[in-house]
*Asks:* 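Please find one structure pasted underneath; my questions will follow.
Each chain gets a letter, A, B and so on, in the order the sequences are listed, and its residues count up from 1. The analysis underlying the following values was restricted to heavy atoms, covering all of them including side chains, and did not include hydrogens, waters or symmetry mates. Please read these numbers as outputs of a predicted model, since none were measured by experiment.
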2 protein chains.
Amino acid sequence: MKKEKNQAYCAVDFAFQRIGGKYRGRILWYLNAHKVLRYGELKRLLQGITTKMLTQTLRELEQDGMVNRKVYLEVPPKVEYSLTSASLELIPLINELREWADRQIIARTISGEKIPC
Amino acid sequence: MKKEKNQAYCAVDFAFQRIGGKYRGRILWYLNAHKVLRYGELKRLLQGITTKMLTQTLRELEQDGMVNRKVYLEVPPKVEYSLTSASLELIPLINELREWADRQIIARTISGEKIPC
DNA sequence: CGGAATCCTCTGCGATACTG
DNA sequence: CAGTATCGCAGAGGATTCCG
């Protein structure tokens, strides 16, 4: 049976369905920073992600029109991922989210916490 | 054992941990639109949410410094929720996310889909 | 009115092994 | 290299009942 993403109740939900989840945000972020990334490069950047989750997340992003997947018919195989026009529009927003988060983290880091990356 | 929110790997993750999840986005959005909402008003707006999830999500948002919780010592009880300075900074971003989503939805609605709210 | 307490289901995600 | 295929679990989220 096909997995149906349950209907969003409103636009806010629709947006979060597309950028939420454990890795989506970072994948989009890395793809923007590097413009084009191969599967293995993404895997290295995402440090510790399993092939299952990476593949699954990339396929979902692709279905949502958030990434382009370009397959080169070579041996060994080569697949490149990049942002689409839709996800590119999102980058400035994700960047602002990141800056907001940075400010929050700094405000709390007086007590010692530190967050890498 | 206390539930520890696992450390964010980067600022992008930190942000999504605070606004992700099934209801957080809409709760923040509604709180902004109405400025102040009582527990029951939120419950009505969120249509179908259980008391468990609403209470739990509100408590997490409170711990994260994303909402204020004001208890009135009356009978019957009265509790009001509102945004904090931290979450207020997020509103313009959420609004842009919403507008982005609207554009995506319209682009797909040629095929008939419709999303309320 | 604004929850708390249980119990239960489902699924996001991880670990591991295999492949064209 | 870029995946696919299984198995398994913890935790997100739901349904229901009770309470000051």
*Asks:* Check side chain to side chain donor-acceptor pair (under 3.5 Å) between B:E80 and all other residues, then give those that pass, not counting sequence neighbours.
*Replies:*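 Per chain and number, B:E80 pairs via side chain to side chain donor-acceptor pair (under 3.5 Å) with B:Y72.
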
*Asks:* Whole Å only: how far is the CG atom of B:L54 from the P atom of D:dA15?
*Replies:* 15 Å

*Asks:* Would you tell me if any nitrogen or oxygen in the side chain of A:Y81 comes within less than 4.0 Å of OP1 or OP2 on D:dG3?
*Replies:* yes

*Asks:* Check nucleotides 13-17 of chain C for protein N or O atoms closer than 3.5 Å to its own N or O atoms and list the pairs.
*Replies:*
residue : atom : partner : partner atom : Å
C:dC13  : OP1  : A:K22   : N            : 3.2
C:dC13  : N4   : A:K52   : NZ           : 3.0
C:dG14  : OP1  : A:K22   : NZ           : 2.9
C:dG14  : OP1  : A:Y23   : OH           : 2.7
C:dG14  : OP2  : A:Y23   : OH           : 3.2
C:dG14  : O6   : A:K52   : NZ           : 2.3

*Asks:* Would you jot down, in residue-number order, the residues of residues 67-80 of chain B having a non-hydrogen atom under 4.0 Å from DNA chain C?
*Replies:* B:R69, B:P76, B:P77, B:K78, B:V79

*Asks:* How long is the line joining CG of A:L42 and P of D:dG3, in whole Å?
*Replies:*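 After rounding, the gap between these two atoms is 10 Å.
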
*Asks:* Which angle, rounded to 10°, do you find between the first-five-pair axis and the last-five-pair axis of the helix from C:dC1-D:dG20 to C:dG20-D:dC1?
*Replies:*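 Comparing the axis at each end, I get an angle of 50°.
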
*Asks:* Just checking, A:R18 and A:F14: is the charged tip under 6.0 Å from the six-membered ring centre and within 45° of the axis?
*Replies:*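 Yes, A:R18 sits over the ring of A:F14.
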
*Asks:* Which salt bridge (Lys or Arg N to Asp or Glu O under 4.0 Å) pairs, counting each pair once, include a residue from residues 34-58 of chain A, with sequence neighbours left out?
*Replies:* none

*Asks:* Any side-chain heavy atom of A:I94 within less than 4.5 Å of one from A:N32?
*Replies:*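 Counting from C-beta outward, A:I94 and A:N32 never come under 4.5 Å.
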
*Asks:* Just how far, in rounded Å, is P of C:dA5 from CZ of B:R59?
*Replies:* 11 Å

*Asks:* State, with a plain yes or no, whether a side-chain heavy atom of B:M66 is found less than 4.5 Å away from one of B:L90.
*Replies:* yes

*Asks:* List in chain and number order the residues that pass side chain to side chain donor-acceptor pair (under 3.5 Å) with B:Y39, two or more places apart in sequence or in another chain; answer none if no residue qualifies.
*Replies:* B:T55

*Asks:* Hey, does the side chain of B:R38 come within less than 4.0 Å of C:dG2's phosphate (OP1/OP2), counting only N and O?
*Replies:* yes

*Asks:* Which residue pairs pass the side-chain hydrogen bond (donor to acceptor under 3.5 Å, both in side chains) test when at least one of the two sits in residues 81-95 of chain A, sequence neighbours left out?
*Replies:* A:R69-A:Y81, A:T84-A:S87, A:E89-B:R103, A:N95-A:R98

*Asks:* Is A:K70 close to A:V79 at the side-chain level, that is, under 4.5 Å between some pair of heavy atoms?
*Replies:*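 Of all side-chain heavy-atom pairs linking A:K70 with A:V79, none is under 4.5 Å.
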
*Asks:* From CZ of B:F16 over to P of D:dA12, roughly how many Å is that when rounded to an integer?
*Replies:*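 Interatomic distance, CZ of B:F16 to P of D:dA12: 18 Å.
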
*Asks:* Nearest whole Å is fine: how far is D:dG3 C1' from A:K43 NZ?
*Replies:*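 After rounding, the gap between these two atoms is 11 Å.
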
*Asks:* Can you tell me the distance, in whole Å, between the CG atom of A:L37 and the C1' atom of D:dA2?
*Replies:* 14 Å

*Asks:* Who pairs with A:L45 by side chain to side chain contact (heavy atoms under 4.5 Å, CB included), at least two apart in sequence or on another chain?
*Replies:*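 So A:L45 forms a side chain to side chain contact (heavy atoms under 4.5 Å, CB included) with A:Y30, A:H34, A:L37.
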
*Asks:* Without decimals, in angstroms, what is the distance between B:L58 CG and D:dG13 C1'?
*Replies:* 15 Å

*Asks:* Using heavy-atom distances to pick each residue's nearest nucleotide on DNA chain C, tell me which of B:T55 and B:R44 is more 5'.
*Replies:*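 So the residue in question is B:R44.
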
*Asks:* Under a 4.0 Å threshold between the charged nitrogen and the carboxylate oxygen, would A:R24 count as salt-bridged to A:D64?
*Replies:* yes

*Asks:* Checking B:T51 now: which residues fulfil side chain to side chain donor-acceptor pair (under 3.5 Å) with it, not counting sequence neighbours?
*Replies:* none

